[in-house]
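All values below come from the heavy atoms of this structure, side chains included, with hydrogens, waters and symmetry mates left out. Each residue takes its place number in the sequence, starting with 1.
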Amino acid sequence: DRDMDKKRIEELLEENMVLEIAQKQSMNESAHLGWELEQLSKSTDLADTRKSFVFELNECASSRILKLEKDNQSLQNTIQELRDASLTSRESSLKFVELEKENQQLSKKIEKLQNQIEKEKQSNQDLETLSEELIKDKEQLQVIMETLKADKDRQVQTLQ
C-alpha cells in the first residue's frame with residue numbers, strides 16, 4: 001500500500017508539474033496577447049477603450065493564474081506533508097482521493113482558462129478587424145470631406 005501511495009504521490013507531482021507548465025504557457029500567451037492589443041491600440045482613435053480592455057484582460061488572466069498557482073502550491077505542500085507524516089495506508093488513501101479531486105478541479109479550471117483565452121483571442125481579432133474597417137471608413141470620409149471642401153471652394157470662387 002505504501003509503495004502504491006508513493007507511486008500515486010509521484011504521479012500527482014508529475015501532474016502538478018504539467019499543470020504548472022500549462023499555467024505558465026497560459027500566462028505567457030495572455031501577456032503576449034495583451035502586448036499585441038496595446039500595440040494595436042496605439043495606432044487608432046479607440047486607444048483609451050482598448051487600453052482599458054487590455055488592462056482588464058491581463059488583470060483577469062493574471063488573477064486567475066495566480067489563484068491556480070496558489071492552489072497548485074497548496075497541493076504540493078500537502079503532498080510533501082503526506083510524505084513526511086507517514087500516515088497510515090487508509091488515511092493516505094483518503095488524502096489522495098481528496099488531492100485527486102482537487103487536482104481534477106485545477107485541471108478543469110485550467111481548461112476553462114485556456115478556453116476563455118481562446119475566446120478572448122477571437123474577440124481581439126474581431127476588434128482588430130473592426131478597427132481596420134473603421135480606419136478605412138475614416139480615410140474614405142476624409143477623402144469625401146476633402147472633395148466636398150474643394151467643390152465648396154470652387155463654388156465660392158465662381159460666385160465671387
Side-chain angles (χ1 to χ4, degrees), residues 8-81 95-160:
R8 185 63 188 143
I9 286 173
E10 289 175 6
E11 289 173 4
L12 287 173
L13 283 174
E14 287 178 20
E15 194 170 332
N16 280 337
M17 290 173 69
V18 169
L19 289 174
E20 281 180 354
I21 291 170
Q23 286 172 343
K24 288 179 183 177
Q25 287 174 345
S26 178
M27 238 168 67
N28 288 340
E29 288 178 13
S30 180
H32 182 70
L33 188 59
W35 178 82
E36 287 178 356
L37 279 175
E38 286 179 36
Q39 296 302 315
L40 181 63
S41 69
K42 290 178 183 177
S43 65
T44 66
D45 294 339
L46 302 172
D48 293 335
T49 304
R50 286 188 181 162
K51 284 180 184 176
S52 65
F53 177 74
V54 169
F55 180 75
E56 288 179 29
L57 174 68
N58 285 339
E59 287 295 316
C60 182
S62 294
S63 66
R64 287 184 184 154
I65 289 170
L66 287 174
K67 183 177 185 244
L68 289 173
E69 285 179 342
K70 188 178 179 181
D71 290 343
N72 196 12
Q73 186 63 39
S74 173
L75 283 174
Q76 288 179 344
N77 289 339
T78 305
I79 288 171
Q80 188 60 39
E81 288 172 9
K95 277 289 190 182
F96 282 124
V97 169
E98 290 176 29
L99 286 175
E100 192 171 85
K101 286 179 184 177
E102 285 183 51
N103 211 1
Q104 288 173 354
Q105 289 173 350
L106 274 177
S107 296
K108 288 178 184 178
K109 287 179 183 178
I110 288 173
E111 186 178 325
K112 285 180 184 178
L113 182 61
Q114 288 173 338
N115 288 337
Q116 186 171 6
I117 286 173
E118 287 300 319
K119 288 178 185 176
E120 289 169 354
K121 281 183 184 178
Q122 182 60 43
S123 175
N124 291 336
Q125 288 175 349
D126 293 345
L127 278 175
E128 187 175 337
T129 303
L130 178 62
S131 174
E132 290 171 1
E133 291 174 5
L134 288 173
I135 290 171
K136 287 178 184 176
D137 289 348
K138 180 183 174 185
E139 291 171 355
Q140 289 175 348
L141 288 173
Q142 285 176 337
V143 169
I144 291 171
M145 231 170 63
E146 290 173 7
T147 305
L148 289 174
K149 188 175 182 181
D151 288 346
K152 183 184 118 191
D153 289 344
R154 274 191 241 121
Q155 288 177 355
V156 167
Q157 286 178 353
T158 304
L159 289 174
Q160 287 177 350

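For the pair T147 (side chain) and V143 (backbone), a donor-acceptor distance under 3.5 Å is present. Proximity of a side-chain donor or acceptor of N103 to a complementary backbone N or O of L99 within less than 3.5 Å is not detected. Put simply, the side chain of T129 gets close to the backbone of Q125: a donor and an acceptor are under 3.5 Å apart.
Annotation: side chain of E133 is not in contact with side chain of K136 (no heavy-atom distance under 4.5 Å). Here the side chains of Q25 and Q114 are not in contact, with every heavy-atom distance at 4.5 Å or above. Within the 4.5 Å cutoff, the side chain of S107 has heavy atoms near those of the L19 side chain.
The salt bridge (charged side-chain N to carboxylate O under 4.0 Å, His left out) search around D151 returns R154, not counting sequence neighbours. For K112, there are no salt bridge (charged side-chain N to carboxylate O under 4.0 Å, His left out) partners two or more places apart in sequence or in a different chain.
To the nearest 0.5 Å, the span separating CE on M27 from CD1 on I117 amounts to 10.5 Å. Rounding to the nearest 0.5 Å places CG of L33 at 12.0 Å from CG of N28. One finds the CZ atom of R8 at 5.5 Å from the CD atom of E11 (value rounded to the nearest 0.5 Å). Between Q23 atom CD and K109 atom NZ the span is 10.5 Å, to the nearest 0.5 Å. Considering CD of Q142 and CG of D137, their distance stands at 11.5 Å, rounded to 0.5 Å. The CG atom of L134 sits 10.5 Å away from atom CG of L141, with the distance rounded to the nearest 0.5 Å.
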Margin query: As a quick check of understanding, evaluate salt bridge (charged side-chain N to carboxylate O under 4.0 Å, His left out) for K101 and E98, giving each step before the final call.
Written below: CA-CA 5 Å; K101 286 179 184 177; E98 290 176 29; over 6 Å; no
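Between K149 and E146, none of the side-chain N atoms (NZ, or NE/NH1/NH2) sits under 4.0 Å from a carboxylate O, so this pair counts as no salt bridge. In this structure, E111 does not pair ionically with K108, as no charged nitrogen and carboxylate oxygen lie closer than 4.0 Å.
Of all heavy-atom pairs between E100 and L12, the closest is CA-CD2, 4.5 Å.
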